*Asks:* 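Sharing a structure below in structure tokens format, with a few things to ask.
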There are 2 protein chains.
Amino acid sequence: MNIAQIRNHLETHDVKPSHHRIKVYQYLVENRNHPNVDMIYRELSTEIPTLSRTTIYNTLNLFVEKGLVSLITIAENEMRYDADTSLHGHFRCHRCGKIYDLRLKGSALEFENMDNFRVDESHLYFKGLCGNCLAEAGDK
Amino acid sequence: MNIAQIRNHLETHDVKPSHHRIKVYQYLVENRNHPNVDMIYRELSTEIPTLSRTTIYNTLNLFVEKGLVSLITIAENEMRYDADTSLHGHFRCHRCGKIYDLRLKGSALEFENMDNFRVDESHLYFKGLCGNCLAEAGDK
DNA sequence: ATACAACTTTGTAATGATTACAATTTCATA
DNA sequence: TATGAAATTGTAATCATTACAAAGTTGTAT
């Protein structure tokens, strides 16, 4: 996704494509690592020395509000963000902390009593040990 | 679930059944409202005037550690707790804030690439508008 | 080009849930 | 009843996030 495409994508979602916003969105698209605010801040502030953390917060809140990114609350004490807004699951390894994407098999996810509700967001979170950490420390 | 049963249940999970712990667990069993710390504190401190919030935090952390209750992070800025540790989903209405239980239909919840992982926890969160709020304010 | 209004960005201070920690109290047992 | 371990308490610290007001930037009409 190049700059022109990003610019267009933001405008499609009713977000004015300022330089900072483009950079934040670009980070999210190029680093599929479900970052928190600090990860984005530390990376972008090397390019934009005057960058403020508040701008990252403002930008991400705007993106979430406009449906450009989704907010992941799989880690108890921090918000993480994902440019992939399609329905998929997340797995967080409690040893290395890495968050993996999980792709749903089929589209079967049905509940007995969800008829009356209007569902706007779905979050599928799993926690445990990832393959790497199982191999390195099989007992924990 | 009476006091003797609660006492026994705590002991089964390697938790010494102090008076406070029994009261906290009893609250969770009798109020299936997925409370946060403050809801439990406000309720119990009428019975136990000397109760400290820290005790609630300590107790809930112990319960989670010992597998007696599960920690729900569906609300961004606060932890909520559930005495039902079986696999089920949660729906949070963004208008009234209430959290509903959802029972999985079948046990079909499969992912493409979860083979290598050891899953210890599953969290299925959904957000939107509940039936009541849809009826009362159909447009929001 | 200029001025103006609207919007964006910044930095500091406030908020609020949770945790750290040390002191006090309670409990179980000899 | 004495003693040590465990539970409880209260205050202070932590830390991610938000509030807010000032400063900077952009686009547009004149």
Side-chain angles (χ1 to χ4, degrees), chain A residues 3 6-7 10-11 13-27 34-66 68-81 92 97 99, chain B residues 3 6-7 10-11 13-27 34-66 68-81 92 97 99:
Chain A
I3 303 294
I6 291 175
R7 186 182 295 273
L10 299 194
E11 280 173 342
H13 286 76
D14 203 25
V15 170
K16 289 192 183 171
S18 74
H19 180 237
H20 291 71
R21 287 169 181 169
I22 291 171
K23 282 296 180 187
V24 171
Y25 193 78
Q26 187 180 29
Y27 178 95
H34 317 91
N36 60 19
V37 166
D38 232 56
M39 291 161 76
I40 302 174
Y41 175 75
R42 286 202 306 274
E43 174 74 19
L44 294 189
S45 57
T46 64
E47 290 181 66
I48 312 169
T50 62
L51 185 65
S52 164
R53 257 190 197 77
T54 302
T55 299
I56 310 285
Y57 279 105
N58 291 341
T59 301
L60 291 170
N61 284 341
L62 182 66
F63 285 175
V64 170
E65 184 191 329
K66 298 298 188 182
L68 273 161
V69 311
S70 62
L71 171 60
I72 304 175
T73 59
I74 197 173
E76 273 104 52
N77 58 340
E78 64 183 3
M79 296 176 174
R80 288 175 166 266
Y81 296 88
R92 180 170 188 272
I99 296 177
Chain B
I3 303 294
I6 290 175
R7 187 182 294 274
L10 298 194
E11 279 172 342
H13 285 76
D14 203 25
V15 170
K16 289 192 184 170
S18 73
H19 180 237
H20 292 71
R21 287 170 181 170
I22 290 170
K23 281 296 180 186
V24 170
Y25 193 77
Q26 187 180 29
Y27 177 95
H34 317 91
N36 60 20
V37 166
D38 233 54
M39 292 161 76
I40 302 173
Y41 175 75
R42 285 201 308 274
E43 175 73 19
L44 294 189
S45 56
T46 65
E47 291 181 65
I48 312 168
T50 62
L51 185 65
S52 164
R53 259 190 195 76
T54 301
T55 299
I56 310 285
Y57 279 106
N58 290 341
T59 302
L60 290 170
N61 284 341
L62 180 68
F63 285 175
V64 170
E65 185 190 328
K66 299 298 189 182
L68 273 162
V69 312
S70 64
L71 171 60
I72 304 175
T73 60
I74 196 174
E76 273 104 52
N77 57 338
E78 65 184 3
M79 296 177 175
R80 289 175 165 264
Y81 297 88
R92 180 171 190 271
I99 296 177

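Residue numbering restarts at 1 for every chain, and letters A, B, ... go by the order of the sequence lines. Remember, it's a predicted structure, so these values are computed and weren't measured experimentally.
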*Asks:* Enumerate the residues from residues 41-61 of chain B whose closest heavy atom to DNA chain D is under 4.0 Å, giving them by residue number; use none for an empty result.
*Replies:* B/T50, B/L51, B/S52, B/T54, B/T55, B/N58
*Asks:* Within this structure, what is the CG-to-P distance between B/N36 and C/dG16, rounded to whole angstrom?
*Replies:* 14 Å
*Asks:* Between A/D38 and B/K16, which has a closest nucleotide on DNA chain D that is more 5'?
*Replies:* B/K16
*Asks:* Rounded to whole Å, please give me the gap between CD1 in B/I40 and C1' in C/dT18.
*Replies:*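 Computing the B/I40:CD1 to C/dT18:C1' distance gives 14 Å.
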*Asks:* Give the minimum heavy-atom separation between B/P35 and B/Y27, together with the two atoms involved.
*Replies:*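 Closest heavy-atom pair between B/P35 and B/Y27: CG-CE2, 3.6 Å.
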*Asks:* Measure from CG on A/N77 to C1' on D/dT17 and round the result to the nearest Å.
*Replies:*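 Distance check: A/N77 CG to D/dT17 C1' gives 12 Å.
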*Asks:* Quick one: which of D/dT17, C/dT8, D/dT9 gets closest to the side chain of A/E78?
*Replies:* D/dT17
*Asks:* Give the rounded distance in Å between these two atoms: CE of A/M79 and P of D/dC15.
*Replies:* 18 Å
*Asks:* List, with names and distances, any nitrogen or oxygen atoms from the protein found under 3.5 Å away from nitrogen or oxygen atoms belonging to nucleotides 22-30 of chain C.
*Replies:*
none

*Asks:* Can you measure from CD1 (A/I56) to NE2 (A/H20) and round to the nearest 0.5 angstrom?
*Replies:*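 Output value for this atom pair is 8.0 Å.
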*Asks:* Is a side-chain N or O of A/R53 found less than 3.5 angstrom from the main chain of A/V37, in a donor-acceptor match?
*Replies:* no
*Asks:* Could you state the CZ-P distance from B/R21 to D/dA6, rounded to the nearest angstrom?
*Replies:*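 After rounding, the gap between these two atoms is 11 Å.
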*Asks:* What's the separation between atom CG in B/N77 and atom CG in A/N77, rounded to the nearest 0.5 Å?
*Replies:*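 One gets 13.0 Å once the value is rounded to the nearest 0.5 Å.
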*Asks:* Please state how far atom CG in A/D14 lies from atom P in C/dC7, giving the value in whole angstrom units.
*Replies:*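 Going from A/D14 (CG) to C/dC7 (P), I get 11 Å.
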*Asks:* How about B/L51 and B/K23: do any of their side-chain heavy atoms sit closer than 4.5 Å?
*Replies:* no
*Asks:* Drop me the distance from A/T73's OG1 to B/I72's CD1, to the nearest 0.5 angstrom.
*Replies:*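 A/T73 OG1 to B/I72 CD1: 11.5 Å, rounded to 0.5 Å.
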*Asks:* Nearest 0.5 Å please: distance from the CD1 atom of A/I74 over to the CZ atom of A/R92.
*Replies:* 7.5 Å
*Asks:* Could you tell me the separation between the OG1 atom of A/T59 and the CD1 atom of A/I22, rounded to the nearest 0.5 Å?
*Replies:* 11.0 Å
*Asks:* Mind checking the CD-CE spacing from A/E78 to A/M39? Nearest 0.5 Å is all I need.
*Replies:* 8.5 Å
*Asks:* Whole-Å distance between D/dT26 P and A/H20 NE2?
*Replies:*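 Going from A/H20 (NE2) to D/dT26 (P), I get 10 Å.
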*Asks:* Look at B/S18 and D/dA6 and indicate whether a side-chain polar atom (N or O) is within less than 4.0 Å of OP1 or OP2.
*Replies:*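 No, outside the criterion.
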*Asks:* May I have the distance from A/L10 (atom CG) to C/dT8 (atom P), rounded to whole angstrom?
*Replies:* 12 Å
